[in-house]
Amino acid sequence: MHITQLNRECLLHLFSFLDKNSRKNLAKTCHRLLEVFQDPLLWSLLNFHSPVELKKDNFLLGPALKHLSICWYSERVKVCNIEDWMKNSFQKDFCKRHENTVSDFLLDVCNRCPNLLSLTLSGCGHVTDDCILQLLKNCPNLKSLKLENCVQITDHTLEAVTLHGASLRTLHVDFCRNVTQAGLERVREKCPSVVLRADRSANMIPDSKPGKKLMLEKASRKLVQL
């Protein structure tokens, strides 16, 4: 029996075991397999391991998407999560190449994936509060929001959760150093049903303002003098 003789349910099951690239390559072999590739039922879960993957034409976005994860664990994450005012010219040029990649992708998700239930972002240094605000507004069923090592996330995201996160049950802002203890307490007060975790966030030194650089330099000089 040829693979194309299998019914649609079997083909969808087979496709579910393949990664995005393998699915795309298999879909190129014939129209029937292309139709299976384009079936929304195949795309309820998407995992990405670098911003580059977001630009590949090997997946579909649509109302069927329920779970999305973008976790970038490359050494380059360290560059993107350095405050802009601390970056040298080489680091700025490097970040410029993909600074809008994740944000633009998430805005596309806002417009096309209203049934999203969970979102995990790790190492996405260019994602802004406004991006998360739009997601919360456009994905009213979002139950889990996990952010890790996202330097531009601040208390504005926490405020957006209290205003638009009616369905939210889990919120992680781990290693997001520009959120504050006051912002976390506000979430705990206004959203008591949300399981909140903020490992190494409010306890880290926020570097969001250039004036912090001078303060750190002065502190370092005092330590040297001691």
Side-chain angles (χ1 to χ4, degrees), residues 47-51 67-88 91-92 94-95 98-99 101-103 105-106 117-136 142-165 168-224 226:
N47 293 313
F48 299 94
H49 302 290
S50 79
H67 307 283
L68 172 63
S69 173
I70 305 173
C71 297
W72 195 19
Y73 295 117
S74 165
E75 284 295 317
R76 291 174 290 181
V77 170
K78 296 178 181 178
V79 175
C80 293
N81 277 282
I82 296 174
E83 301 289 350
D84 287 339
W85 57 271
M86 295 179 67
K87 293 175 184 174
N88 58 38
Q91 291 169 327
K92 288 181 179 179
F94 170 80
C95 290
H98 58 261
E99 65 178 347
T101 301
V102 177
S103 296
F105 177 79
L106 290 177
L117 296 178
S118 71
L119 173 65
T120 299
L121 302 176
S122 180
C124 299
H126 300 296
V127 171
T128 64
D129 294 317
D130 185 62
C131 217
I132 301 302
L133 170 62
Q134 295 304 318
L135 270 163
L136 289 168
L142 192 68
K143 296 182 182 301
S144 175
L145 177 60
K146 298 181 180 180
L147 308 173
E148 179 185 58
N149 202 14
C150 298
V151 68
Q152 295 197 47
I153 296 301
T154 73
D155 284 1
H156 291 299
T157 285
L158 301 181
E159 183 65 22
V161 166
T162 66
L163 296 175
H164 307 288
L168 209 62
R169 293 296 175 265
T170 300
L171 174 63
H172 292 179
V173 282
D174 299 335
F175 292 86
C176 296
R177 62 179 176 268
N178 287 311
V179 302
T180 70
Q181 193 63 45
L184 296 172
E185 291 301 329
R186 194 174 301 115
V187 173
R188 291 190 179 99
E189 177 186 350
K190 295 187 177 182
C191 307
S193 62
V194 172
V195 177
L196 177 61
R197 193 179 81 183
D199 290 348
R200 298 291 302 279
S201 289
N203 293 327
M204 300 176 76
I205 299 175
D207 296 330
S208 57
K209 296 181 180 179
K212 294 290 183 180
K213 183 176 182 180
L214 181 59
M215 292 171 62
L216 291 173
E217 289 176 350
K218 288 181 178 178
S220 296
R221 284 197 293 268
K222 287 183 179 179
L223 287 173
V224 171
L226 293 174

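Taking CG of L168 as the reference point, atom OG of S144 lies at 7.0 Å (rounded to 0.5 Å). Here the SG atom belonging to C131 is positioned 11.0 Å from the CZ atom belonging to F105, to the nearest 0.5 angstrom. Between the CD atom of E148 and the CZ atom of R200 there is a distance of 12.0 Å, given to the nearest 0.5 Å. For the atom pair OG1 of T162 and CZ of R188, the computed distance is 14.0 Å after rounding to the nearest 0.5 Å. Remark: W72 CH2 to T101 OG1 distance equals 8.5 Å, nearest 0.5 Å. L196 contributes atom CG, which lies 8.0 Å from atom NE2 of H172 (distance to the nearest 0.5 angstrom).
Residue T154 forms a side-chain hydrogen bond (donor to acceptor under 3.5 Å, both in side chains) with just one option from D129, T180, T128, N178, and that option is D129. Checked against H164 for a side chain to side chain contact (heavy atoms under 4.5 Å, CB included), the options L142, L136, L135 give a single hit: L136.
Here the closest non-hydrogen pair linking S201 and V179 is CB-CG2, 3.6 Å. In terms of heavy-atom proximity, L158 sits nearest to G183 at CD1-C, 3.4 Å. Contact record, C191 with V161: SG-O, 4.3 Å, taken as the closest heavy-atom pair. Closest of all the heavy-atom pairs between L117 and H67 is CB-CE1, 4.1 Å. In terms of heavy atoms, P192 sits closest to E189 at CD-O, 3.8 Å.
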Determine, stepwise, if the pair V127 / Q152 fulfils side chain to side chain contact (heavy atoms under 4.5 Å, CB included). CA-CA 6 Å; V127 171; Q152 295 197 47; over 6 Å; no

For C124 and I70, what are the C-alpha separation, side-chain angles and deciding distance, and is it a side chain to side chain contact (heavy atoms under 4.5 Å, CB included)? CA-CA 8 Å; C124 299; I70 305 173; 4.0 Å; yes

Evaluate the criterion side chain to side chain contact (heavy atoms under 4.5 Å, CB included) for residue pair V195 and R169; output intermediate values, then yes/no. CA-CA 6 Å; V195 177; R169 293 296 175 265; over 6 Å; no

Could you check L68 against L106 for side chain to side chain contact (heavy atoms under 4.5 Å, CB included), going step by step and ending with a plain yes or no? CA-CA 10 Å; L68 172 63; L106 290 177; 4.2 Å; yes

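In this structure, D199 contributes its side chain and D174 its backbone to no donor-acceptor pair below 3.5 Å.
Put simply, the side chain of V173 reaches to within 4.5 Å of the side chain of L184, judged on heavy atoms. At least one side-chain heavy atom of L121 sits less than 4.5 Å from a side-chain heavy atom of I132.
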